[in-house]
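Throughout, numbering of the chain's residues begins at 1 and tracks the sequence.
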Amino acid sequence: MSHRDGSERERLLRAAAEGDRSARETLVQTHVDWVREALEARRGAALDVGDLFQEGTVGLLQAIDRFNESGSDDFEAFARRSISEHMDGALQAEDAAATEARVVVQAAEDFERVEIQLHRVHGRPPTDEEIARQLEWTVARTLEVRQIVERARTHHDEEILPFLDSDEVSMDDIERMVDERSQDGE
């Protein structure tokens with residue numbers, strides 16, 4: 001970048017820090033390629049490209065807002081680091097959410113398996129304490145997982161309910177339900 005371009009960027013950064021929205025927008029438009037490059041480096045990541053681009057843009061905006069008070073003298077390095085940190089943070093959050101979802105699903109499956117086993121053994125629905133002991137969980141965790149399982153069962157029952165009395169179900173109802181499920185990503 002030439003000295004003149006560097007001076008213009010410094011002027012825009014000062015103006016943006018003082019609240020000039022036009023200067024801020026110009027800086028974003030001028031340096032959005034840094035976001036695209038960071039996105040390209042993360043191709044195939046678990047997060048949607050649009051979401052990841054948005055996170056990188058937030059990083060660029062924060063770099064613009066914070067550069068003057070950062071003590072840094074290299075805006076490009078500062079901005080690229082901010083862009084990367086935001087993208088990587090979003091990817092880590094997505095990974096943590098996916099891990100948490102797997103843990104919840106596994107817990108629900110374990111709960112149901114033990115609930116069925118104990119019901120067969122005792123000839124009655126098991127207590128939360130019996131399930132907790134079998135799974136080596138606390139009763140509080142068992143109750144939390146029970147609530148998750150019961151909500152899932154209720155949701156499932158509500159989806160099936162229209163099909164139980166086929167005289168009252170039309171093809172339009174079936175098509176609507178299929179459309180809703182595909183929109184929900186199920």
Side-chain angles (χ1 to χ4, degrees), residues 16-17 24-25 27-72 74-118 126-160 177-186:
R24 194 171 192 236
E25 288 177 26
L27 285 164
V28 169
Q29 290 172 357
T30 303
H31 301 299
V32 74
D33 59 320
W34 295 343
V35 176
R36 287 190 195 104
E37 289 171 16
L39 183 62
E40 186 65 31
R42 289 158 183 81
R43 181 184 294 249
L47 199 59
D48 175 77
V49 172
D51 292 339
L52 202 51
F53 183 83
Q54 184 176 5
E55 288 295 330
T57 303
V58 168
L60 177 58
L61 287 166
Q62 284 188 353
I64 291 167
D65 293 344
R66 297 178 180 164
F67 179 72
N68 285 338
E69 60 194 40
S70 72
S72 178
D74 185 349
F75 176 69
E76 181 174 352
F78 184 79
R80 286 182 183 268
R81 185 172 47 254
S82 181
I83 291 165
S84 291
E85 287 171 356
H86 273 77
M87 286 183 171
D88 293 342
L91 289 169
Q92 289 171 355
E94 180 70 15
D95 187 46
T99 298
E100 176 65 22
R102 285 190 297 274
V103 168
V104 168
V105 167
Q106 184 62 54
E109 289 173 353
D110 292 345
F111 177 91
E112 285 191 307
R113 176 181 43 78
V114 167
E115 182 184 44
I116 291 167
Q117 287 173 349
L118 290 174
T127 66
D128 290 325
E129 291 77 13
E130 290 169 332
I131 294 172
R133 191 172 32 259
Q134 182 73 24
L135 288 168
E136 298 178 354
W137 291 352
T138 64
V139 174
R141 178 166 186 206
T142 303
L143 290 170
E144 289 173 6
V145 174
R146 174 183 292 287
Q147 289 173 347
I148 292 168
V149 169
E150 287 175 354
R151 281 194 302 267
R153 288 174 180 163
T154 299
H155 179 73
H156 179 263
D157 290 349
E158 289 170 352
E159 284 187 339
I160 290 179
M177 185 177 286
V178 169
D179 288 343
E180 287 172 0
R181 292 192 86 195
S182 65
Q183 289 172 356
D184 290 341
E186 293 183 18

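The minimum heavy-atom distance linking Asp48 with Gly50 is given by the pair OD2-N, 3.0 Å. For the residue pair Arg146 and Pro126, the shortest heavy atom distance occurs at NH2-O, 4.0 Å. Between Ala63 and Ala79 the shortest heavy-atom distance is CB-CA, 3.6 Å. Across all non-hydrogen atoms, the minimal contact from Ile83 to Leu60 is CG1-N, 3.7 Å. Nearest heavy atoms, Thr138 versus Arg141: OG1-N, 3.0 Å.
Considering only heavy atoms from C-beta on, Glu130 stays 4.5 Å or farther from Val114 through its side chain. Side chains of Val145 and Trp137 form a contact here, defined as non-hydrogen atoms less than 4.5 Å apart. The shortest side-chain heavy-atom distance between Leu135 and Thr142 does not fall under the 4.5 Å cut-off.
Counting only N and O atoms by type, the side chains of Gln106 and Asp110 include a donor and acceptor under 3.5 Å apart. Neither side chain, Arg81 nor Ser84, offers a donor N or O lying under 3.5 Å from an acceptor on the other.
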Derivation of the side chain to side chain contact (heavy atoms under 4.5 Å, CB included) call for Asp95 and Leu91: CA-CA 6 Å; Asp95 187 46; Leu91 289 169; over 6 Å; no
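Among His86, Met87, Glu94, the one residue that satisfies the side chain to side chain contact (heavy atoms under 4.5 Å, CB included) test with Leu52 is Met87.
For the atom pair CZ (Arg42) and CD (Glu55), the distance works out to 11.5 Å, reported to the nearest 0.5 Å. With rounding to the nearest 0.5 angstrom, the CD1 atom of Ile131 is 11.0 Å from the CZ atom of Arg113. A distance of 10.0 Å separates CZ in Phe111 from CD in Gln147, rounded to the nearest 0.5 Å.
Within a 6.0 Å radius of CD in Gln54, other residues, nucleotides and ligands contribute 12 heavy atoms or fewer. Atom CD of Glu136 sits in a sparse spot, with 12 or fewer heavy atoms from other residues, nucleotides or ligands closer than 6.0 Å.
Between Arg80 and Glu76, at least one side-chain N (NZ, or NE/NH1/NH2) sits under 4.0 Å from a carboxylate O, which counts as a salt bridge. Comment: Arg153 engages Glu115 in a salt bridge, judged by a side-chain N to carboxylate O separation of less than 4.0 angstrom.
The main-chain N or O of Phe53 is found under 3.5 Å from a side-chain atom of Thr57 such that the two form a donor-acceptor pair. No donor-acceptor pair closer than 3.5 Å links the side chain of His155 to the backbone N or O of Arg151.
Ring geometry for Phe67 versus Phe75: interplanar angle over 60°, hence perpendicular rather than tilted (30 to 60°).
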